[in-house]
There are 2 protein chains.
Amino acid sequence: MWAHTGGMARISEIGDYIRDQRDQAQMSLRQLAQAAGVSNPYLSQVERGLRRPSAEILGRIAQGLRISAETLYVQAGILDDRAGDEAVTTAIAADASLTERQRATLLQIYAAFQAENAARTTPDPATRDEAGADGTTDM
Amino acid sequence: MWAHTGGMARISEIGDYIRDQRDQAQMSLRQLAQAAGVSNPYLSQVERGLRRPSAEILGRIAQGLRISAETLYVQAGILDDRAGDEAVTTAIAADASLTERQRATLLQIYAAFQAENAARTTPDPATRDEAGADGTTDM
DNA sequence: CGCGCGCGTTTGCAACTGCAAGCATGTGGG
DNA sequence: CCCACATGCTTGCAGTTGCAAACGCGCGCG
């Protein structure tokens, strides 16, 4: 429902996003808390949106989840959103250092990822992806 | 490259940096404070390294100084310095609609493209990499 | 059953953030 | 001279952050 223009994914709260990532990584709250060097009660409160974590804590959580800190900051509204998925396509399109084939490859892979994610949220369990990441094609 | 791991201790550094930028912009402390929506006493303390501002305050100060928030975060040691130019990597990193695996894949492919292009323009035989983008996209 | 272990959550508290109000100093002007 | 105004700094204080300890719950094992 949310792979849309403008607002894009926007799992409204940062806590939901963290819990989402934690679930996907199949970690318990306490595991992540320890990996991140954060107390588990506090992590619990953060995930449920009762507390707004500082940037440092956010960074540590990102580290514990092995995801990029930027992602979390953007989710937290601390860093600019950059208009979401459009930013990626436009950035790729505008990157003069890429050849046309590389550009097309990246855009294709990105589109495939988006399609897969959209399929994941719909009742269609056909999660067939494996984008054409053959890379090194060009050149 | 991502979230820093070691100790950060540049609290005073960021204060100096802010004061530097403020001086260069020829703003008084109070002016910047108002432009940033921060109280002037607090800004004073931040500049002198007595206080560790939260990410939100940092962002507002960056806005008041009309510099990118990222540079301030990097200065603060909250974000790690990103190697090169990078509109694409930033956009990818900030796109919350991607899973971390997908994000890593895209970044990897992009990096591989950059490396290959660099190798093409610079006759440096040492960087005979070329292996980076060949899939392993598992996910 | 009783005990241990894991899960997520609640509670009480030290430490901190960030602000409003006030202080100290410097400058120009009527 | 005295007032107005600017600069940056110090001081109490409400509101939060983040933690250690403790709680309730479910599950497997002796």
Side-chain angles (χ1 to χ4, degrees), chain A residues 11-67 69 72-79, chain B residues 3-67 69 72-79:
Chain A
I11 307 175
S12 48
E13 290 273 1
I14 172 81
D16 295 336
Y17 184 75
I18 292 176
R19 182 157 285 191
D20 232 42
Q21 292 294 319
R22 180 167 69 78
D23 287 342
Q24 278 189 23
Q26 312 212 24
M27 303 175 78
S28 80
L29 191 147
R30 282 175 137 97
Q31 277 179 322
L32 173 55
Q34 179 162 19
V38 182
S39 76
N40 50 87
Y42 190 61
L43 180 56
S44 165
Q45 289 167 319
V46 165
E47 284 191 345
R48 284 177 302 146
L50 309 181
R51 291 303 225 302
R52 197 148 28 93
S54 73
E56 186 192 344
I57 296 291
L58 228 45
R60 282 199 254 162
I61 292 176
Q63 210 170 346
L65 283 170
R66 315 244 170 82
I67 68 180
L72 267 189
Y73 289 134
V74 169
Q75 277 292 319
I78 289 172
L79 274 185
Chain B
H4 68 290
T5 324
M8 72 164 103
R10 34 212 321 197
I11 335 110
S12 59
E13 277 183 37
I14 175 148
D16 295 338
Y17 184 74
I18 292 176
R19 180 157 286 190
D20 241 37
Q21 293 294 317
R22 179 167 68 78
D23 287 342
Q24 278 188 23
Q26 310 210 30
M27 303 174 77
S28 80
L29 190 147
R30 283 175 137 96
Q31 278 178 324
L32 174 56
Q34 179 163 17
V38 182
S39 76
N40 50 85
Y42 191 60
L43 180 55
S44 165
Q45 290 168 317
V46 165
E47 283 191 348
R48 284 177 301 144
L50 310 180
R51 292 288 232 276
R52 225 167 290 236
S54 74
E56 185 193 344
I57 295 291
L58 228 44
R60 283 200 255 162
I61 292 176
Q63 209 167 352
L65 283 170
R66 284 180 211 137
I67 64 180
L72 255 195
Y73 289 131
V74 169
Q75 279 289 323
I78 290 173
L79 278 184

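Just so we're on the same page: letters track the sequence lines, and every chain starts at 1. What you see below is based on every heavy atom in this structure, not just the backbone, and it leaves out hydrogens, waters and symmetry mates.
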Check your understanding: So, A/Glu56 and B/Arg52, do they make that salt bridge, N to O below 4.0 Å?
Key -> no
Check your understanding: For nucleotides 9-25 of chain D, read 5' to 3', which letter fits each nucleotide if B means a protein heavy atom sits under 4.0 Å from the base, S means only the sugar-phosphate is that close, and - means neither?
Key -> BBB-----BBBBB----
**Study point:** Separation of B/Arg60 CZ from B/Ser54 OG (nearest 0.5 Å)
**Key:** 7.5 Å
Revision key, fill the gap. B/Gln34 atom CD is separated from C/dA20 atom P, nearest whole Å, by 12 Å
Review point. Can B/Leu58 and B/Val46 be said to form a side-chain contact (heavy atoms from CB on, under 4.5 Å), step by step?
Key: CA-CA 10 Å; B/Leu58 228 44; B/Val46 165; 5.5 Å; no
Check your understanding: Over how many whole Å does the gap from A/Gln26 atom CD to C/dG6 atom C1' extend?
Key -> 16 Å
**Study point:** Pairs where residues 36-48 of chain A contributes a residue and the test side-chain hydrogen bond (donor to acceptor under 3.5 Å, both in side chains) is met, not counting sequence neighbours
**Key:** A/Arg19-A/Glu47, A/Arg22-A/Glu47, A/Ser44-A/Arg48, A/Gln45-A/Arg51
Point to revise | Sub-4.5 Å side-chain heavy-atom contact between B/Leu72 and B/Ile18 | key: yes
